[in-house]
Protein chains: 2
Amino acid sequence: MALEHAILVSLLERPGSGYELARRFDRSIGRFWTATHQQIYRVLRRMEADGWIAAEEVAQDGRPDKKVYSAAGDGRAELARWLREPVEPETVRHELAVKIRAAAFDDPAALISEVERHREGHAALLARYLHGEQRDFPDLDALDARQELQHVVLRGGIEYERMTLDWLDDVLATLRRLAADRPS
Amino acid sequence: MALEHAILVSLLERPGSGYELARRFDRSIGRFWTATHQQIYRVLRRMEADGWIAAEEVAQDGRPDKKVYSAAGDGRAELARWLREPVEPETVRHELAVKIRAAAFDDPAALISEVERHREGHAALLARYLHGEQRDFPDLDALDARQELQHVVLRGGIEYERMTLDWLDDVLATLRRLAADRPS
DNA sequence: ATTGCCTATGCAACTCGTTGCATAGCAGGA
DNA sequence: TCCTGCTATGCAACGAGTTGCATAGGCAAT
């Protein structure tokens with residue numbers, strides 16, 4: 001389980017409340033780890049009880065109080081321990097691949113518009129990555145260690161999206177060819 | 001939830017028992033959908049109760065009886081309905097990416113050997129894909145619709161592994177550079 | 001005025017998914 | 001002979017993850 005560790009990394013990069021974390025998981029961190037606010041609040045309470053993180057109540061005017069968490073010594077130690085554990089292979093859940101094979105038992109043409117929509121989502125994500133790269137890493141020759149590591153992860157995301165777009169074009173060409181060969 | 005649908009596709013491609021399905025999920029289907037035998041047995045019972053699949057008891061000598069399942073009419077109808085639903089964006093759980101960002105708060109060099117091991121796993125998987133492609137699709141100009149669709153999914157797997165290998169080389173180069181810059 | 005959205009946290013109930021264990025006969029190697 | 005491993009299914013318990021709802025004040029637009 002790495003949700004704890006993803007939260008630890010995020011809090012080390014910058015302390016924040018559960019709500020703020022949930023938004024980070026919707027945005028940047030969500031690229032490689034997803035979580036809902038429910039999961040995050042539950043795990044934060046457990047981590048605080050275990051002494052991995054420390055909480056500070058912060059009053060705000062015009063909005064509810066919030067609890068700002070930051071990583072504690074035990075959290076850092078746990079992160080170092082976890083880093084040295086074997087890396088689990090990625091768990092894959094690729095719904096579209098299942099649907100493509102399912103299309104053999106139905107009408108392949110029925111998938112085309114959904115694949116097109118899916119492709120648009122990936123194209124938009126790639127554009128966001130490239131824009132974020134320009135904004136957050138304007139000078140690639142002057143990065144500190146933390147930025148270097150953030151950037152190599154971002155490069156992975158960019159290459160993943162490029163590969164996916166190429167593959168989706170391949171999928172669309174295949175579906176269109178099959179739809180032309182034997183029209184329903 | 002697509003486990004039901006992944007099972008339906010697999011049973012349409014070829015009927016089989018729960019045990020056989022579990023092995024398929026360890027091998028080919030596991031490329032884009034994972035499941036343990038426990039999940040599979042539970043879902044099979046539910047699907048049979050819902051009339052999506054039909055079971056036939058088969059006695060075997062020298063080994064326990066098995067229940068061979070095959071997709072029923074309701075299952076086919078459900079699959080067609082599901083095919084027309086919107087495709088969910090892939091859920092990403094990329095532990096290695098979390099660890100790479102975590103390395104900024106510990107020793108980047110500590111990750112190198114694990115990334116190397118991870119890279120070997122991906123290289124082996126790519127080799128298996130390429131070998132399977134040779135075996136199952138010897139003549140790429142003579143594929144029927146089902147094989148065309150299976151092959152386009154396999155092409156996606158191959159491209160994913162190639163991209164991942166390139167990225168892991170990039171990660172290793174970055175980690176080694178950081179380790180050389182500030183030795184622990 | 002009312003509607004809807006944002007910040008901020010949380011409970012309750014549920015489904016999904018994993019882990020450990022059990023059964024039970026057969027095959028193959030040390 | 002004992003140990004390991006394969007086929008084949010399943011129970012029980014737990015942890016992970018989702019969904020729906022609740023609270024509660026403030027802000028902005030209609």
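Protein chains get the first letters and strands the later ones, always in sequence-line order, with residue 1 at the start of each. The figures that follow rest on heavy atoms only: side chains count, while hydrogens, waters and symmetry mates do not.
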Length of the CD-C1' vector between Glu20(B) and dC6(D), whole Å: 13 Å
Distance, rounded to the nearest Å, where Glu88(A) contributes CD and dT18(C) contributes C1': 12 Å
Carboxylate-amine/guanidinium contact Glu20(A) Arg23(A), below 4.0 Å: no
Interatomic distance, Leu21(A) CG vs dG10(C) P [rounded to whole Å]: 13 Å
Charged N-O contact under 4.0 Å between Glu114(A) and Arg117(A): yes
Check ion pair Arg146(B)-Glu13(B) (N to O, under 4.0 angstrom): no
Residue-phosphate contact under 4.0 Å: Arg23(A) side-chain N/O, dT7(C) OP1/OP2: yes
Atom-to-atom span, OH of Tyr19(A) to C1' of dT23(D) - whole angstrom: 15 Å
Spacing between Leu3(A) atom CG and dG15(D) atom C1', to the nearest angstrom: 13 Å
DNA chain C contacts made by residues 36-60 of chain A, counting heavy atoms under 4.0 Å: His37(A), Gln38(A), Tyr41(A), Arg45(A), Gln60(A)
Phosphate OP1/OP2 of dT9(C): any Ser17(A) side-chain N/O under 4.0 Å: yes
Length of the line joining Arg24(B):CZ and dA8(D):P, which is rounded to integer Å: 12 Å
Parallel, tilted or perpendicular, as decided by the 30° and 60° cut-offs, for the rings of Trp167(B) and His94(B): perpendicular
Carboxylate-amine/guanidinium contact Arg46(B) Glu4(B), below 4.0 Å: yes
Pair Glu78(A) + Arg81(A): basic N to acidic O under 4.0 Å: yes
Distance in angstrom units between Phe25(B) CZ and dT18(C) C1', rounded: 16 Å
Closest-nucleotide 5' rank along DNA chain D - winner of Val68(B) and Thr91(B): Val68(B)
Pair Arg76(A) + Asp106(B): basic N to acidic O under 4.0 Å: no
Along DNA chain D (nearest heavy atom to each residue), the more 5'-positioned of Arg93(B) and Lys67(B): Lys67(B)
